Amino acid sequence: MTQQAGSGADWWRGCVIYQVYPRSFQDSTGDGSGDLAGITRRLPHIASLGVDAVWLSPFFKSPMADMGYDVSDYCAVDPMFGTLADFDAMISEAHRLGLKIIIDQVLSHSSDKHPWFVESRSSRDNPKADWYVWAQPKPDGTAPNNWLSIFGGPGWEWDSTRKQYYQHNFLASQPDLNFHNPEVQDALLETVRFWLDRGVDGFRLDTVNFYVHDKWLRDNPPLAKSVAGENEEANPYEYQDHLFDKTRPENIAFLERFRALLDEYGNRGSVGEVGDGERSLQTVAAYTSGGDKLHMCYTFDLLGPKFSAAHVHKCIADFEAAVTDGWVCWAFSNHDVIRHVTRWTRPGGDPEAVAKFSIALLACLRGSICIYQGEELGLEEAEIAFEDLRDPYGIRFWPGYKGRDGCRTPMVWEAQAEQGGFSDGKPWLPISAAHRALAVDRQQRDAESVLCRYRAVLEARRTLPALIHGSIALLKTEGDVLAFLREEGAERLLCVFNFSEKAASLPIPARLGGLDPVPFPGALGEFEKDRITLAPLDYFIGRFV
């Protein structure tokens with residue numbers, strides 16, 4: 001009998017989440033864009049991986065200036081993706097297959113086409129005049145302060161009707177909602193209730209630490225490395241210490257209201273996206289402590305280019321030290337970053353080996369885990385020509401930063417189909433030629449494929465309670481080797497990973513007890529007497545007896 005990630009109200013703890021980027025998963029109409037009916041068609045593939053839940057990136061009505069993260073109606077499906085009936089059919093089928101549905105809530109900002117903003121900008125004295133962050137210009141006409149947009153330029157846009165500036169952390173067409181106004185919080189929570197009533201099991205909260213701004217609009221100070229002239233980031237947003245445009249203490253009260261709403265429905269979960277630089281773990285601790293705010297959060301710690309035992313050791317140690325009663329969701333890839341197989345494969349290295357190593361590592365970490373679509377195929381980042389870009393972030397910062405389209409290209413289901421089985425029409429982003437050879441239909445016939453390894457690893461994880469719920473204790477090692485203990489009840493496991501391109505070994509102190517290898521998929525490390533020997537990108541899982 002396999003071990004479930006969680007049951008009842010705690011299903012989210014230790015669960016495996018599969019992220020779907022709806023526009024690129026499966027097109028059912030031939031218009032070149034994925035949709036909800038397409039997702040429903042492919043749910044058996046997701047279920048076959050052995051995951052617990054599906055996270056859907058936004059499918060709400062939107063002008064698509066930022067690919068759906070600019071919402072114009074929080075309670076409607078954009079026609080590109082289908083209808084509410086399609087959503088209901090999808091969630092029904094997911095539940096039949098034993099999958100929970102998590103949807104992406106973009107609460108920090110809306111589209112400038114949202115009726116709330118249309119009314120807010122119409123005058124300074126309408127009922128929604130204070131629903132967004134409006135401010136007077138400085139006497140010389142410039143913006144109220146030095147806040148910047150992540151997508152480039154000032155974080156303020158001039159409105160000629162109100163003759164004021166409004167704040168935006170991303171595109172100018174994504175105005176920030178004013179969380180200091182209780183009516184705004186009430187309205188947003190009602191949109192959450194709308195989806196709870198339709199049966200969703202949880203929410204992923206986009207940019208969860210961006211909700212509240214400093215009501216006095218104080219300037220952000222520069223980072224110390226910027227003052228020292230050592231900052232070489234391509235985006236000037238990274239030159240500031242963002243003390244006042246995000247992560248304000250008032251956000252805690254809203255998260256408590258959000259959690260109280262979820263608790264009304266029972267057995268619901270939430271995961272927050274925290275982007276807060278070096279303070280991210282402190283923010284995660286604050287947002288997940290006490291059992292009355294978010295269930296779990298994720299940061300960008302393992303979504304960057306660093307690939308070493310020392311880096312992962314530090315991420316785990318820092319989290320365990322900072323977050324004493326909260327929970328983390330680990331991920332290596334998502335829709336906002338270069339795919340990890342590309343980030344972590346060294347020059348001349350083997351991407352398939354990195355993909356197989358990565359899923360074993362992810363499965364052994366303490367926390368819930370999230371897999372991004374195509375990751376189970378070992379997809380690398382797709383090369384996108386400038387003329388094919390759709391991401392405004394990439395278009396703005398090209399060529400220093402090429403944007404996020406390279407990780408958002410369509411799924412490849414059939415190697416020989418004209419559009420990889422994704423669509424009968426021209427896809428909204430081009431199908432990568434390199435991805436065709438990695439299509440689902442080809443890999444599921446190959447027992448040694450990345451896809452089959454993902455299925456086997458996740459199944460093995462479900463049989464080992466210590467990997468789902470257990471504690472973690474890091475061990476000291478030498479070289480590029482990561483080792484830690486996972487313990488749950490009477491089960492105590494040793495997990496060892498060799499990140500190096502060379503063979504490595506790890507002595508096992510006698511005080512830890514006798515050790516039997518666990519038949520974990522792909523683990524070729526050998527244990528003899530008091531030492532584990534590992535080939536490059538090899539790992540070992542053992543049980544103390």
Side-chain angles (χ1 to χ4, degrees), residues 5-15 17 52-53 55 100 102-105 107-108 179-180 182 184-186 188-190 192-193 195-196 200-215 242-243 246-301 315-331 365-370 468-473 487-488:
S7 59
D10 285 338
W11 65 265
W12 51 271
R13 190 180 292 274
C15 72
I17 302 169
D52 302 290
W55 153 27
K100 297 186 183 295
I102 298 170
I103 66 173
D104 215 325
Q105 289 294 103
L107 303 182
S108 71
F179 276 72
H180 291 291
V184 171
Q185 294 191 21
D186 293 344
L188 289 170
L189 290 173
E190 283 306 305
V192 173
R193 185 182 296 277
W195 295 105
L196 286 168
V200 303
D201 302 286
F203 299 89
R204 179 263 187 184
L205 298 182
D206 183 62
T207 59
V208 70
N209 58 310
F210 282 70
Y211 292 172
V212 183
H213 68 284
D214 175 52
K215 63 173 62 177
H242 293 273
L243 296 179
K246 63 183 180 183
T247 323
R248 302 302 299 158
E250 299 94 331
N251 203 26
I252 296 291
F254 174 76
L255 295 180
E256 290 172 346
R257 295 190 65 193
F258 176 85
R259 176 60 175 269
L261 173 58
L262 265 59
D263 287 348
E264 288 181 27
Y265 287 77
N267 300 346
R268 300 301 194 267
S270 57
V271 54
E273 175 197 32
V274 173
D276 202 18
E278 294 181 357
R279 288 186 293 270
S280 286
L281 287 177
Q282 287 70 35
T283 303
V284 169
Y287 287 8
T288 61
S289 65
D292 60 350
K293 294 175 280 293
L294 298 180
H295 296 83
M296 53 186 169
C297 286
Y298 76 87
T299 70
F300 288 79
D301 295 64
C315 289
I316 296 171
D318 288 351
F319 174 81
E320 293 296 322
V323 186
T324 56
D325 67 339
W327 195 251
V328 70
C329 182
W330 296 111
L365 296 180
R366 178 178 179 263
S368 301
I369 62 175
C370 187
I468 299 174
H469 302 115
S471 61
I472 190 168
E487 188 170 357
E488 170 76 2

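Bear in mind the structure is a predicted one, so any value in this text is a computation, not a measurement. Values reported hereafter were calculated over all heavy atoms of this structure, with side chains retained and with hydrogens, waters and symmetry mates removed. Along the sequence shown, residues carry numbers from 1.
Of the possible polar contacts, none joining the Glu273 side chain to the Leu205 backbone as a donor-acceptor pair under 3.5 Å is found. Using modelled atom types, no side-chain atom of Asp292 and backbone atom of Glu256 make a donor-acceptor pair closer than 3.5 Å.
Under the 4.5 Å side-chain criterion, counting only non-hydrogen atoms from C-beta, Met296 is not in contact with Arg13. Leu262 has its side chain within reach of His295: a pair of non-hydrogen atoms, C-beta onward, lies under 4.5 Å apart. The shortest side-chain heavy-atom distance between Phe203 and Val271 does not fall under the 4.5 Å cut-off. Side chains of Trp12 and Ile17 form no contact here, defined as non-hydrogen atoms less than 4.5 Å apart. Annotation: side chain of Asp276 is in contact with side chain of Lys246 (closest heavy-atom distance under 4.5 Å). The shortest distance between side-chain heavy atoms of Phe258 and Leu188 does not fall below 4.5 Å. A 4.5 Å side-chain heavy-atom check between Val192 and Glu190 finds every atom pair outside the cut-off. Side chains of Val208 and Leu255 form a contact here, defined as non-hydrogen atoms less than 4.5 Å apart.
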- Where do Asp206 and Leu107 land on the side chain to side chain contact (heavy atoms under 4.5 Å, CB included) test, with the steps shown first? CA-CA 7 Å; Asp206 183 62; Leu107 303 182; over 6 Å; no
- Item | side chain to side chain contact (heavy atoms under 4.5 Å, CB included) between Tyr298 and Val284, intermediate numbers included | CA-CA 8 Å; Tyr298 76 87; Val284 169; over 6 Å; no
- Message: If you apply the rule side chain to side chain donor-acceptor pair (under 3.5 Å), what do you find for Asn251 with Tyr287, and how did you get there?
- Response: CA-CA 9 Å; Asn251 203 26; Tyr287 287 8; 2.9 Å; yes
- Task: Output, in order, the C-alpha distance, side-chain angles, deciding distance and verdict of salt bridge (charged side-chain N to carboxylate O under 4.0 Å, His left out) for Glu250 and Lys215.
- Result: CA-CA 10 Å; Glu250 299 94 331; Lys215 63 173 62 177; 5.1 Å; no
- Stepwise, does the side chain to side chain donor-acceptor pair (under 3.5 Å) test hold for Asp52 with Trp11? CA-CA 9 Å; Asp52 302 290; Trp11 65 265; over 6 Å; no
- Between Arg204 and Gln105, does a side chain to side chain donor-acceptor pair (under 3.5 Å) hold up when you go through it step by step? CA-CA 6 Å; Arg204 179 263 187 184; Gln105 289 294 103; over 6 Å; no
- Assess whether side chain to side chain contact (heavy atoms under 4.5 Å, CB included) is satisfied between Thr288 and Lys293, documenting all intermediate values. CA-CA 6 Å; Thr288 61; Lys293 294 175 280 293; over 6 Å; no
- Could you walk me through whether Ser368 and Trp327 pass the side chain to side chain donor-acceptor pair (under 3.5 Å) test, one step at a time? CA-CA 8 Å; Ser368 301; Trp327 195 251; 2.9 Å; yes
- Output, in order, the C-alpha distance, side-chain angles, deciding distance and verdict of salt bridge (charged side-chain N to carboxylate O under 4.0 Å, His left out) for Asp214 and Arg248. CA-CA 7 Å; Asp214 175 52; Arg248 302 302 299 158; 3.7 Å; yes
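Atom CD1 of Ile252 and atom OG of Ser289 lie 6.5 Å apart (nearest 0.5 Å). Atom OH of residue Tyr265 and atom CZ of residue Arg268 lie 8.0 Å apart, to the nearest 0.5 angstrom. Rounding to the nearest 0.5 angstrom, the gap separating the OG atom in Ser280 from the CD atom in Glu278 is 9.5 Å. In this structure, the separation between CG on Asn209 and NE2 on His242 is 11.0 Å, given to the nearest 0.5 Å. Here Arg366 contributes atom CZ and Ile316 contributes atom CD1; the two are 11.0 Å apart, rounded to the nearest 0.5 Å.
For the residue pair Pro182 and His180, the shortest heavy atom distance occurs at CD-O, 3.4 Å. Residues Cys370 and Trp55 share a closest heavy-atom pair of SG-CE3, 3.7 Å. Looking at every heavy atom in both residues, Thr207 comes nearest to Ser108 through OG1-OG, 3.2 Å. Smallest separation of non-hydrogen atoms from Ala322 and Ala285: O-CB, 3.3 Å. Residues Ala53 and Ile102 approach most closely at CB-CD1, 4.0 Å, considering heavy atoms.
Checked against Cys297 for a side chain to side chain contact (heavy atoms under 4.5 Å, CB included), the options Thr283, Leu281, Val274, Val323 give a single hit: Val274.
Qualifying salt bridge (Lys or Arg N to Asp or Glu O under 4.0 Å) partners for Asp263, counting only residues two or more places apart in sequence or in other chains: Arg259. Here Asp325 pairs with nothing under the salt bridge (Lys or Arg N to Asp or Glu O under 4.0 Å) rule; sequence neighbours left out. Not counting sequence neighbours, the partners of Glu264 by the salt bridge (Lys or Arg N to Asp or Glu O under 4.0 Å) test are Arg193.
In this structure, Tyr211 and Phe179 have parallel ring planes: the angle between them is below the 30° cut-off, well short of the 60° mark.
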